[in-house]
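What follows is a short report on a single structure.
Along the sequence shown, residues are numbered consecutively beginning with 1. Because only heavy atoms are used, hydrogens play no part in the values below, and waters and symmetry mates are left out as well, while side chains stay in. Counting starts at 1 for both ligands and their atoms, following the listed order.
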Amino acid sequence: MKRFQPRTLHKRIMFAIALLQLIVVGLFALYLLIQQVGNELTNRQVLGHKMIGITAPAVSHLIQYDPAGITAYLGSMLGDHAVAGITVKDSAGNVLFQQAKESGNLHPVAGWFQAAEARPRISAELKSGQGPLGLITIELSNNPLNEKIHRLLNDVSYLFLLLLGVDLIAIQLLVRSVMAPLTPLAALAREVSQGNWEKTMLTTEANASEEVKNLSDAFIESAKTMRQQIHDLEETRGQLAENELKLRNLVNNMQEVLLEVDHNGLVSFLNPAWEALTGYATETSLQRPFAEFLAQPKQMAYFESGRLEHIPLSEFQLEVRAQDGRSVWMQMNTSLQHDENGAFLGVISTLEDISETLRLQELQRQHEQDLYHLTITDPLTGVYNRRHFDSLLENLLHLNLHRGHSLALVIVDLDGFKFINDTYGHPVGDEVLRTVANALRANEHQGSAVARIAGDEFALLLPNVNEVQADKFGHMIHDSLSRIVIPLPVGQLTVQTSIGIAVAPVHGKLPQDLVRAADVALYHAKKSGRNRVDTLSRERGAAIMDIFSQGFEVRNAIAAGMILPFMQPIVDLKTRKVFAYEVLTRMRRGDSFVPADDFIPIAEDLGLIRDMDLFVITQALTLIPKNVHLFVNISLNSFYAPEFTQQLRGLLHSPIAQGRPITIEFTERQTTEMSKDFIQMFSEIRAGGCNVALDDFGVGYSTYSYLRQLRPEFIKIDGSFVLQLKENKEDVKIVEQIRELAQVVGAHTIAEHIEDEETIAMLVEMGVNFGQGYYFSKPVNVADQHWLNADLV
Ligand code: C2E
Ligand code: MG
Ligand code: MG
């Protein structure tokens with residue numbers, strides 16, 4: 001059975017109150033009823049007893065004195081509406097009077113009371129002074145009681161209804177006043193429920209109760225908050241939608257491929273870039289194993305299920321086979337996907353096409369390799385250059401010595417290369433160099449290296465080769481190089497080489513020591529007539545040490561200012577006046593002075609001569625008065641250093657400008673071909689205001705071509721022709737010829753080593769202009785000179 005349940009709160013309150021009302025009024029009515037009915041019943045009992053109390057004596061009297069009067073008396077009594085019947089019996093039990101009338105049943109309400117009998121009968125004994133007369137019984141009527149109960153019930157009902165009516169009206173008013181403020185709230189809720197948020201701007205009714213106000217305010221507040229939240233939510237949703245659109249556009253327009261692969265290695269997402277890069281349609285690529293698109297099995301293996309989790313996460317380079325068979329190199333950056341329980345789901349990756357980058361990288365690598373090749377090789381011959389040779393030497397030396405092996409250094413010097421260059425031109429010179437380099441390379445063996453270490457010098461490094469093997473190798477190279485024939489437009493050219501060999505660790509353990517040793521060997525080879533091989537013997541090790549220690553001495557002497565200028569006067573042979581002074585170097589060793597001849601060759605061999613020349617000239621210029629004509633000796637070796645001419649000009653510029661005549665003497669100890677560069681340097685020095693003298697003419701390598709090309713102002717006749725002039729007719733002839741030659745080229749002559757008066761006379765006779773020698777003065781320390789007394793000047 002469906003339980004009655006009012007729908008609205010209003011009705012529910014009403015129903016509840018009515019029910020309560022019913023219970024209260026019902027209980028009240030019950031209370032009244034119980035009380036009234038109880039009272040009535042008691043009253044009836046009382047009335048019955050009173051009635052019998054009066055009647056019994058009267059009937060006893062009538063029985064005794066007027067039995068006929070009983071009927072009349074009791075008949076009138078029966079007229080009372082409270083009496084329902086009367087019975088009188090005599091003492092024998094005979095009925096003397098009996099009469100009854102309709103009394104009706106007792107109202108059921110009266111029946112609830114156990115105490116009250118349905119039809120109460122009250123009996124009393126009839127007595128006289130002599131004894132009992134009989135029994136009288138009066139039966140009371142139910143009607144008065146029933147009427148009372150009826151009336152009572154009616155009254156209670158009316159009261160109940162009246163109270164109910166009044167209550168309902170009061171409740172109605174009460175509920176109204178409580179519920180009224182809720183009505184707009186309800187309306188508002190309805191609006192809200194329909195999504196109409198704009199009406200939430202209402203206010204609470206002023207006369208609403210506090211609770212309703214609070215409720216209403218809370219509702220309105222929460223409605224407002226909700227409205228704001230919904231607004232925010234809508235905005236967020238809008239933004240999300242916008243972002244999603246952007247994201248989609250981004251993904252669709254991405255240059256990189258966006259790839260999702262599930263844990264089984266199957267493709268689950270691809271953006272359009274995939275098709276653009278590989279030619280495979282995106283839709284048909286989905287759900288295929290990604291490995292199918294790859295070219296290399298090693299890379300494919302990563303996409304097998306179980307291994308995908310171990311894929312390299314960044315910069316993984318993959319070779320993808322495009323639909324047309326092309327190879328597309330892609331760089332993959334990956335993030336692993338797991339669910340909230342940590343189970344592996346698959347990967348999301350970006351694939352960037354790096355084919356072009358790789359191509360460029362390869363190009364760059366190639367380019368760098370080429371560049372590196374260029375930086376380490378000699379462009380003309382293709383063999384290593386000097387710089388790379390230096391580092392190779394250092395590395396190979398270290399490596400081989402560390403392994404307990406030897407390392408041979410072979411220096412190959414082309415004899416007369418300058419001559420070839422000057423005579424046949426640079427193209428022929430270049431061809432010679434190239435051919436020699438190729439021949440050396442052809443003789444290379446395991447681990448060896450060939451380098452061009454100077455204009456006409458090559459070096460070979462031979463790991464794990466001892467002195468004997470190195471010497472054999474040197475001779476083999478020498479032979480093969482001597483077989484080289486360079487064809488010329490007319491005729492042909494053969495190549496001659498001098499080879500110096502040194503072996504580490506025998507001749508040195510440091511790169512510079514080994515190079516020096518090989519240089520010395522080369523020097524010896526050249527000294528002993530060129531076109532030969534010289535391997536530094538063990539014995540010569542001591543000689544090297546000697547040379548080096550002398551070299552050290554020279555170097556230290558320069559640094560310590562122990563190199564001093566001496567000078568020897570050059571005298572006009574006719575007037576005997578000092579024409580000039582030649583500056584000659586001396587090295588101080590303790591209290592003595594070492595003559596130049598004893599250390600100049602070493603200084604030249606060890607590359608110290610340039611600093612020494614500049615040092616001595618500077619000293620002389622400072623110490624010797626400004627107007628004195630100076631002849632200074634300069635080695636041609638010094639000019640191999642390109643900056644030397646500049647330095648020399650810088651040094652001489654101001655003395656010459658201040659009026660000091662300066663003549664530069666050259667001695668040629670080795671052949672130096674007069675290259676264009678060389679002539680150029682001479683003309684630069686000349687342009688600076690210097691004169692040129694050819695020293696030791698007749699014995700050195702100086703040739704007529706020197707005279708022609710250099711046009712010296714002075715020719716110095718070598719002392720060896722002068723010393724025995726008196727005795728040796730041949731020397732006279734030579735001196736005469738030199739003087740004539742000087743005349744031809746317009747040079748003055750200076751005779752060296754004049755030691756006596758007769759020689760002067762002969763020289764004057766022969767027309768030699770100037771002279772110098774012990775006869776006039778030995779070379780003397782400039783510092784010891786008393787220039788003010790210099791009557792020779
Ligand atoms: P040089 O220029 O031909 O010098 C002449 C050499 O003969 C000097 O030897 C000198 O002391 C010596 N001498 C001079 N008069 C006589 C004499 O009457 N009889 C004999 N027997 N000898 C005499 P020194 O000083 O030992 O110099 C040797 C060579 O060293 C010089 O030959 C010159 O070529 C070179 N030299 C000297 N000083 C320098 C210098 O500062 N720089 C350079 N590059 N070379 C120098
Ligand atoms: Mg000289
Ligand atoms: Mg000389």
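Between the side chain of S406 and the backbone N or O of V465, at least one donor-acceptor pair lies under 3.5 Å. R452 contributes no side-chain N or O that, together with a main-chain N or O of L380, makes up a donor-acceptor pair within less than 3.5 Å.
Counting heavy atoms only, T585 comes closest to atom 40 (C) of ligand 1 of the residues V583, T585, D718. Residue A596 holds the heavy atom nearest to atom 27 (O) of ligand 1 of all those in S720, A603, A596. For atom 29 (C) of ligand 1, the candidate residues are D597, L584, I754; the nearest heavy-atom contact is made by D597.
Shown in contact with E755 at under 4.0 Å from a heavy atom are these atoms of ligand 1, numbered in order with element: 17 (C), 18 (O), 19 (N), 20 (C), 21 (N). Here is the list of ligand 1 atoms found below 4.0 Å of a heavy atom in D613: 40 (C), 42 (N), 43 (C), 44 (N). Near Q568, with a cut-off below 4.0 Å to any heavy atom, the atoms of ligand 1 are 14 (C), 15 (N). Of all the atoms in ligand 1, the ones that sit under 4.0 Å from a non-hydrogen atom of E752 are 3 (O).
Only the side chain of E665 comes within 4.0 Å of ligand 1, counting heavy atoms alone; its backbone N, CA, C and O stay farther away. Heavy atoms of P779 found under 4.0 angstrom from ligand 1 belong exclusively to the side chain. When non-hydrogen atoms are compared, ligand 1 lies under 4.0 Å from the side chain of D695 (C-beta onward) but not from its backbone.
Side-chain contact check for L630 versus L621: some heavy-atom pair is nearer than 4.5 Å. Within the 4.5 Å cutoff, no side-chain heavy atoms of F697 are placed close to those of K716.
Residue contacts with ligand 1: Q772 is excluded, as none of its non-hydrogen atoms falls under 4.0 Å. Residue contact annotation: E582 has a non-hydrogen atom under 4.0 Å from ligand 1.
At under 3.5 Å, a nitrogen or oxygen of R586, whether backbone or side chain, sits near a nitrogen or oxygen of ligand 1.
Taking the six-membered ring for Trp and thresholds of 30 and 60 degrees, F419 and Y424 have ring planes more than 60 degrees apart, a perpendicular arrangement.
The only member of Y581, F631, F776, F579 that meets ring-ring contact (aromatic ring centres under 6.0 Å, His included) when paired with F770 is F579.
A salt bridge links E643 with R610: at least one charged nitrogen is closer than 4.0 Å to a carboxylate oxygen. A salt bridge is absent between D479 and R483; no separation between the charged side-chain nitrogens and carboxylate oxygens falls under 4.0 Å. A salt bridge between R739 and E765 is absent, with no side-chain N of the basic residue lying under 4.0 Å from a carboxylate O of the acidic one.
Every pair passing salt bridge (Lys or Arg N to Asp or Glu O under 4.0 Å) that includes a residue from residues 722-733 is listed here, sequence neighbours excluded: K726-D756.
In the model, T645 has no side-chain atom that pairs as donor or acceptor with a side-chain atom of E684 under 3.5 Å.
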- Between M567 and V628, is a side chain to side chain contact (heavy atoms under 4.5 Å, CB included) present by the stated rule, with each step listed? CA-CA 12 Å; M567 56 173 201; V628 175; over 6 Å; no
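Protein atoms that are N, O or S and lie under 2.8 Å from the Mg ion (ligand 2) are these: E582 OE2, N633 OD1, E665 OE1, D695 OD2.
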